[in-house]
Every structure is written in C-alpha cells, then in structure tokens.
Protein chains: 2
Amino acid sequence: MAEPFVSEVVIERLPLYLRMLQFLEKEGKQVTSSQELAERLGFSSAQIRKDLSYFGEFGKQGTGYNVMFLQRQLRRILQIEQTRDMALIGVGDLGRALANYQGFLEQGFHLVALFDSAPQKIGMTVGGLTVQPMTELARVIQERKLQVVILAVPAQAAQQVANRLVELGVRAILNYAPITLSVPSDVRVYNIDPVIGLQSMAYYLK
Amino acid sequence: MAEPFVSEVVIERLPLYLRMLQFLEKEGKQVTSSQELAERLGFSSAQIRKDLSYFGEFGKQGTGYNVMFLQRQLRRILQIEQTRDMALIGVGDLGRALANYQGFLEQGFHLVALFDSAPQKIGMTVGGLTVQPMTELARVIQERKLQVVILAVPAQAAQQVANRLVELGVRAILNYAPITLSVPSDVRVYNIDPVIGLQSMAYYLK
DNA sequence: TAGATTGTTAATCGATTAACAATC
DNA sequence: TAGATTGTTAATCGATTAACAATC
C-alpha cells in the first residue's frame with residue numbers, strides 16, 4: 001500500500017475527519033457517508049471522497065463508511081496509532097495550561113518532560129511533571145528520543161530554542177511563540193497564534 | 001479605493017506580513033523588499049507582491065517598501081487600526097492563561113469581559129477582570145456591542161454557546177474548543193486546536 | 001546612468017468539483 | 001430489484017509563479 005505524494009492541505013484535513021468520526025461515534029452512529037461528514041464539516045462530499053481515495057478504498061457503495069473502521073484507518077495513515085511522547089518548553093501561564101490539558105493524552109500525545117530557563121520555576125510540579133532546567137534538554141530529548149516538542153517560550157527566545165531542537169533531532173514543533181520560525185525543510189512547524197486569527201477575522205468585520 | 005474580492009488565503013497571510021514588518025522594525029530596518037519578506041517568511045516574493053497588489057501600490061521600484069508605511073496600510077486593510085473589545089467565555093486553565101496574555105492588547109485586541117458557567121468561578125479576578133455568570137452574557141455583549149469573542153469552553157458546551165453568540169450578533173469567534181462549530185456564513189470562526197496540529201505533523205514523522 | 005525592485009500579465013500549477021459507472 | 005453511495009475521471013476553478021516593462 002505505497003502512498004503517492006499527498007499534499008499538505010489534504011493531510012491537514014484528515015485530523016478533522018477523525019475528530020468528526022469520534023464525535024459521530026459518541027452520538028452512537030456506526031456508519032456515515034461522505035455527504036454526512038461534508039455537511040457537518042462544511043466541506044464538499046467529493047472532496048472527502050477524493051481525500052480518502054489517496055490512501056485506499058474505505059467505504060462501501062450504497063452504504064458509506066464504517067465509523068470505527070475509518071477512524072482506525074485515519075489513525076494508521078496519520079501514524080498516531082501509538083502514543084507519542086512530547087516535551088514542553090516554557091512553563092508560563094500558557095505552558096502550565098498546556099501541561100494540565102488532558103486532550104493531548106486522550107488523542108495519543110503524552111507530555112513527558114517540562115523545561116524552563118527561569119531558576120525559580122525549576123523543580124515546580126505542573127500536571128504531574130517536574131520542571132527541569134534547560135541544561136537537561138539535550139539529555140532528555142536524546143535519551144527519550146523525543147520527536148515532538150511544544151514550544152511555549154517568549155517570542156524573542158523561540159528561534160534560539162528551535163535551533164537547539166533541530167540540532168537535537170526534533171522533527172515536529174508545535175509553536176506557540178508569535179514568530180515565524182526558520183527550520184530545515186525536514187522539520188515540521190505548526191503555528192498557533194491567536195492574534196493571527198483575530199487579525200484575519202477583523203478583515204471581515206464591518 | 002474599492003477593494004475587489006480577495007480570497008481568504010490571501011487575507012490570512014496579511015497578519016504574517018504585518019508581524020514580520022514589526023519584527024523588522026525592531027531590528028531597526030526602515031525599508032524592506034518583497035524578497036526580504038519572502039525569505040524570512042518562507043513564501044515567494046511574487047506572492048507577496050501579488051497579495052499586496054490587490055489593495056494598492058505600496059512600494060517604490062528600485063527601493064522596496066517603507067516598513068512603517070506598509071504596517072499602517074496593512075492595519076488599515078485588516079481593520080485593526082482601532083482597538084477592538086472582546087469577551088472571553090470559559091475561565092479554565094486555558095481561559096486564565098488567555099486572560100493574562102499581554103499579546104492581545106499589544107496587537108489591538110482588548111479583553112473587557114470574562115464569563116463562566118461555574119458558580120464557584122463567578123466573582124474571581126483574572127487578568128484584572130471579574131468573572132461574570134453566563135446570565136450576564138447577553139447584556140454585556142449587547143451593551144458593549146462586542147463583535148469578537150474568545151471561546152474557551154469544553155467541547156460539549158461549545159456549539160450551544162456559539163449559537164447564543166450568533167443570536168447576540170457576535171461576528172467573529174476565536175474557537176479553542178476541539179470541535180467544528182456550525183455558524184451562519186456571515187460569522188467567522190478561527191479554530192485553535194493543538195491536537196489537529198500534532199496529528200497532521202505526525203504524518204510526516206518516520 | 002546603472003542597478004534594483006515594483007506591479008502586473010500570462011502561463012503554469014494544483015486543488016476542487018461535477019458527474020457517473022460500478023456496485024453494495 | 002431499486003435506491004444509495006462509493007471511487008474515479010475529466011473539467012473547472014483558483015492560486016502561484018515566472019518574467020519583464022516600468023521606473024525609482
């Protein structure tokens with residue numbers, strides 16, 4: 001089942017399909033259709049069928065998709081069948097909220113280490129984890145082979161920390177710092193900046 | 001200066017241009033070019049010039065763009081010259097972090113009201129604001145004519161609250177709940193869900 | 001002037017959708 | 001069987017980029 005190249009816009013929709021399938025499962029639905037998914041998600045049914053078709057045939061004509069089966073397939077495609085360990089850097093207000101967030105583990109992402117550069121924060125316990133100094137970063141990331149890091153440090157520190165993460169072999173950065181990071185093309189960055197969202201929505205306000 | 005229809009993908013890049021211009025300003029740059037912006041942002045220079053061209057001519061041949069001038073133009077285009085008031089609904093860990101975040105006000109978005117449905121949270125002070133009960137929501141939103149709301153409630157409450165916001169005339173929702181909201185097409189929703197980011201990045205991990 | 005960079009056009013590239021044969 | 005829905009093709013639509021005249 002060799003997958004062809006699939007564009008990033010397609011990949012970014014797959015987690016939305018998965019989330020909707022989980023929602024439908026909770027509603028008690030065992031079967032769904034591209035049309036139902038489309039209506040709920042605000043996409044077209046053709047787009048959903050096309051997106052899935054890059055990876056295989058998961059439905060039955062006349063019937064639709066089995067909710068649990070399609071969930072499993074999406075998890076396999078996204079490589080999230082196994083729980084992945086992550087580190088979080090920056091234990092400010094936001095970092096603490098993230099360290100306490102249950103949704104990561106529920107969706108297979110396990111926070112296993114916290115780091116901060118402020119001496120007064122070292123040793124604090126947040127979300128069941130002890131805040132470690134940045135001097136421990138290299139050791140922990142390498143020993144635990146962490147590929148995913150959540151970056152919640154101030155903007156002016158973010159690029160420098162990102163550079164270190166790249167050197168340590170980190171492959172995916174969930175970036176909460178309000179800055180465009182420069183990283184090699186084999187490292188993924190997903191940016192979360194609420195201000196960007198507010199500013200783009202403001203365009204549409206009268 | 002009537003603007004033609006400009007697609008959403010273009011609008012969503014404008015805040016990134018603005019953020020980069022602010023960064024260049026801090027570096028002391030007074031002038032920049034589409035090429036410099038492109039390199040720093042990871043876009044093509046043609047794309048940047050094209051995006052800006054939908055709204056006017058802001059550069060000088062041979063020279064480039066005046067950093068401050070282009071900032072002002074982008075703020076005008078995005079309608080963020082005036083500070084906008086916002087409400088925040090849901091004062092959990094994340095809500096508290098958001099209420100304390102200085103970045104909103106720095107970028108012209110002013111949090112003026114907090115709401116929560118939990119009786120034990122009512123009256124608490126967070127980020128200088130007092131948490132109000134949901135029974136006050138309609139009054140406050142209408143009296144203060146709030147168009148922008150940050151939604152940080154649990155997933156199972158989010159759609160219901162969103163429905164109320166739509167009825168109250170809210171035009172833009174910054175949605176932190178991990179759910180696809182259904183709203184009329186004249187209401188903007190910007191979703192912030194870190195799990196979606198992690199799941200899409202996982203696809204690229206070996 | 002010579003060099004640099006814009007704004008814009010036209011071509012290219014890529015994503016979305018309509019439509020339908022296949023088939024459950 | 002009749003009705004429904006998939007998977008896929010081909011057409012359409014839209015976004016990106018290369019190229020360059022204009023001009024600072």
Side-chain angles (χ1 to χ4, degrees), chain A residues 1-17 20-21 24 29-74 77 185 200 203, chain B residues 1-17 20-21 24 29-74 77 185 200 203:
Chain A
M1 195 172 299
E3 286 159 10
F5 172 78
V6 179
S7 83
E8 205 165 330
V9 299
V10 174
I11 300 304
E12 295 196 344
R13 282 193 292 264
L14 302 184
L16 300 176
Y17 300 163
M20 185 55 70
L21 289 164
L24 292 171
K29 287 229 162 62
Q30 301 198 318
V31 170
T32 187
S33 65
S34 60
Q35 197 181 347
E36 180 172 50
L37 288 168
E39 277 168 18
R40 300 256 201 161
L41 288 164
F43 298 137
S44 76
S45 64
Q47 179 165 78
I48 290 174
R49 293 198 301 280
K50 184 114 182 65
D51 284 353
L52 297 175
S53 76
Y54 292 115
F55 305 98
E57 307 189 357
F58 307 120
K60 267 206 191 59
Q61 283 105 325
T63 308
Y65 302 93
N66 179 292
V67 170
M68 286 306 298
F69 176 76
L70 187 52
Q71 278 192 47
R72 279 195 298 275
Q73 295 305 312
L74 286 170
I77 293 163
S185 61
S200 60
Y203 176 82
Chain B
M1 194 172 296
E3 286 160 8
F5 173 77
V6 179
S7 83
E8 204 166 331
V9 298
V10 173
I11 301 303
E12 294 195 345
R13 281 193 292 264
L14 302 184
L16 301 176
Y17 300 163
M20 186 54 70
L21 288 164
L24 293 170
K29 287 229 162 62
Q30 300 199 317
V31 170
T32 188
S33 66
S34 59
Q35 198 181 347
E36 181 173 49
L37 289 168
E39 276 168 18
R40 301 256 200 160
L41 288 164
F43 298 137
S44 77
S45 63
Q47 178 165 80
I48 289 174
R49 293 198 302 279
K50 185 115 182 62
D51 284 354
L52 297 176
S53 77
Y54 291 114
F55 304 98
E57 307 189 357
F58 306 120
K60 267 205 190 59
Q61 282 106 323
T63 307
Y65 301 93
N66 179 292
V67 170
M68 286 305 297
F69 176 76
L70 188 52
Q71 279 191 47
R72 279 195 299 275
Q73 295 305 311
L74 286 171
I77 293 162
S185 61
S200 60
Y203 176 82

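Residue numbers begin at 1 in each chain, while the letters A, B, ... track the order of the sequences.
The separation between A:Leu52 atom CG and D:dT6 atom P is 9 Å, rounded to whole Å. The CD-P distance, from A:Glu57 to C:dC24, rounds to 10 Å in whole Å. When the P atom of C:dT6 is taken as reference, atom CD1 of B:Ile48 falls 9 Å away, rounded to whole Å. Between the P atom of C:dA21 and the CZ atom of A:Arg49 lies a distance of 15 Å, rounded to the nearest Å.
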Residues 61-68 of chain B side chain polar contacts: donor-acceptor under 3.5 Å, at least two apart:
residue	atom	partner	partner atom	Å
B:Asn66	OD1	B:Met68	N	3.0
B:Asn66	OD1	B:Phe69	N	2.8

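Residues satisfying the side-chain hydrogen bond (donor to acceptor under 3.5 Å, both in side chains) criterion with B:Glu8, sequence neighbours excluded, are B:Arg188. By the side chain to side chain contact (heavy atoms under 4.5 Å, CB included) test, B:Glu39 pairs with B:Gln35, sequence neighbours left out. Residues passing the side chain to side chain contact (heavy atoms under 4.5 Å, CB included) test with B:Arg40 are B:Met20, B:Phe23, B:Leu24, B:Glu27, B:Lys29, B:Glu36, sequence neighbours excluded. Partners of B:Gln71 according to the side-chain hydrogen bond (donor to acceptor under 3.5 Å, both in side chains) rule, which considers only residues two or more places apart in sequence or in another chain, are B:Glu25, B:Arg75.
To the nearest 0.5 angstrom, A:Ser200 atom OG is 9.0 Å from B:Leu16 atom CG. Rounded to the nearest 0.5 angstrom, B:Leu14 CG and B:Glu12 CD are separated by 9.5 Å. Note that CG of B:Leu21 and CD of B:Gln73 are 11.5 Å apart. Values are rounded to the nearest 0.5 Å. Rounding to the nearest 0.5 Å gives a distance of 5.5 Å between CG of B:Leu70 and CG of B:Leu52.
Heavy-atom distances under 4.0 Å link DNA chain D to A:Gln61, A:Gly62, A:Thr63, A:Gly64, A:Tyr65 of residues 61-70 of chain A, given in residue order. DNA chain C is contacted by A:Ser44 of residues 30-44 of chain A, taking any non-hydrogen atom closer than 4.0 Å.
For A:Ser44 against A:Ala38, the heavy-atom pair with the smallest separation is C-CB, 3.6 Å.
Paired regions of DNA chain C, where each region holds three or more successive Watson-Crick or G-U pairs whose two hydrogen-bonding distances fall under 3.5 Å, are C:3-24 with D:3-24.
Contact of the A:Leu37 side chain with the A:Tyr17 side chain is not registered, since no non-hydrogen atoms from C-beta on lie closer than 4.5 Å. For the pair A:Tyr54 and A:Ile77, the minimum side-chain heavy-atom distance is 4.5 Å or more.
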With the criterion being N/O to N/O and under 3.5 Å, what pairs connect the protein with nucleotides 10-15 of chain D, and how long is each?
residue	atom	partner	partner atom	Å
D:dA15	OP1	B:Ser7	OG	3.2

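Of the residues near DNA chain D, B:Asp51 and A:Lys60, the one whose nearest nucleotide (by heavy atom distance) lies more toward the 5' end is A:Lys60.
Sorted by first and then second residue, the salt bridge (Lys or Arg N to Asp or Glu O under 4.0 Å) pairs with a member in residues 44-66 of chain B read B:Arg13-B:Asp51; sequence neighbours excluded.
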